[in-house]
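Below is one structure, written out as structure tokens; the observations come after it.
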Amino acid sequence: MQAFYPNGQTIEDIDEFVRFYSQCYYLSNSKFAEDKIDSLLEENREFTEQDVMLILRWKFDRIDHKQSGVHGKSGDRIEAGAVIGEV
């Protein structure tokens with residue numbers, strides 16, 4: 001697999017790819033929510049119902065990333081950016 005900078009130059013190192021594009025990614029996604037999902041996926045245990053619901057909200061883009069980044073919670077995205085539920 002090849003990766004490229006926006007100017008078309010090839011990115012040779014996967015760590016450089018992650019470093020460069022994570023800056024763009026976190027403009028619209030909160031690091032809090034992504035870190036929470038990463039930690040769940042790395043744990044060696046059965047998921048709780050709450051874990052599964054959070055993973056599904058993340059997968060189907062139902063997390064209000066702006067609110068989770070500001071308030072440190074992963075709520076559902078609904079009208080007017082309100083947040084319901086805490087994880």
Side-chain angles (χ1 to χ4, degrees):
M1 180 179 105
Q2 286 191 307
F4 300 91
Y5 290 104
N7 67 4
Q9 182 182 356
T10 302
I11 300 174
E12 301 293 336
D13 180 50
I14 189 68
D15 292 331
E16 172 59 15
F17 170 82
V18 171
R19 185 202 64 75
F20 182 82
Y21 281 102
S22 67
Q23 295 173 24
C24 301
Y25 181 79
Y26 290 120
L27 291 175
S28 62
N29 297 298
S30 74
K31 183 127 174 64
F32 172 82
E34 297 296 320
D35 286 347
K36 178 71 174 168
I37 296 298
D38 285 346
S39 70
L40 284 175
L41 296 175
E42 290 174 359
E43 291 179 16
N44 188 21
R45 66 172 176 83
E46 288 187 28
F47 294 134
T48 65
E49 183 178 330
Q50 187 177 19
D51 295 339
V52 172
M53 293 305 295
L54 174 61
I55 292 167
L56 289 172
R57 288 196 321 252
W58 169 76
K59 180 68 177 169
F60 292 105
D61 196 28
R62 299 291 302 157
I63 292 178
D64 187 325
H65 289 278
K66 183 177 180 182
Q67 290 288 69
S68 68
V70 171
H71 299 292
K73 57 175 97 167
S74 299
D76 285 332
R77 178 182 302 138
I78 58 175
E79 289 183 19
V83 175
I84 58 174
E86 291 188 29
V87 173

Quick one: side chain to side chain donor-acceptor pair (under 3.5 Å) partners of Thr48, sequence neighbours excluded? Asp51

Report yes or no: do Met53 and Ile55 belong to one cluster of Ile/Leu/Val/Met/Phe/Trp/Tyr joined by side chain heavy-atom distances under 4.5 Å? no

Going by side chain to side chain donor-acceptor pair (under 3.5 Å), name the residues that satisfy it together with Glu43, two or more places apart in sequence or in a different chain. Arg45

Name every donor-acceptor pair, under 3.5 Å, that has one atom in a side chain of residues 3-14 and the other anywhere in the protein, sequence neighbours excluded.
| unit_1 | atom_1 | unit_2 | atom_2 | d |
| --- | --- | --- | --- | --- |
| Tyr5 | OH | Glu16 | OE2 | 2.8 |
| Asn7 | OD1 | Gln9 | N | 2.9 |
| Asp13 | OD2 | Glu16 | N | 3.2 |

All ring-ring contact (aromatic ring centres under 6.0 Å, His included) counterparts of Phe47, not counting sequence neighbours: none

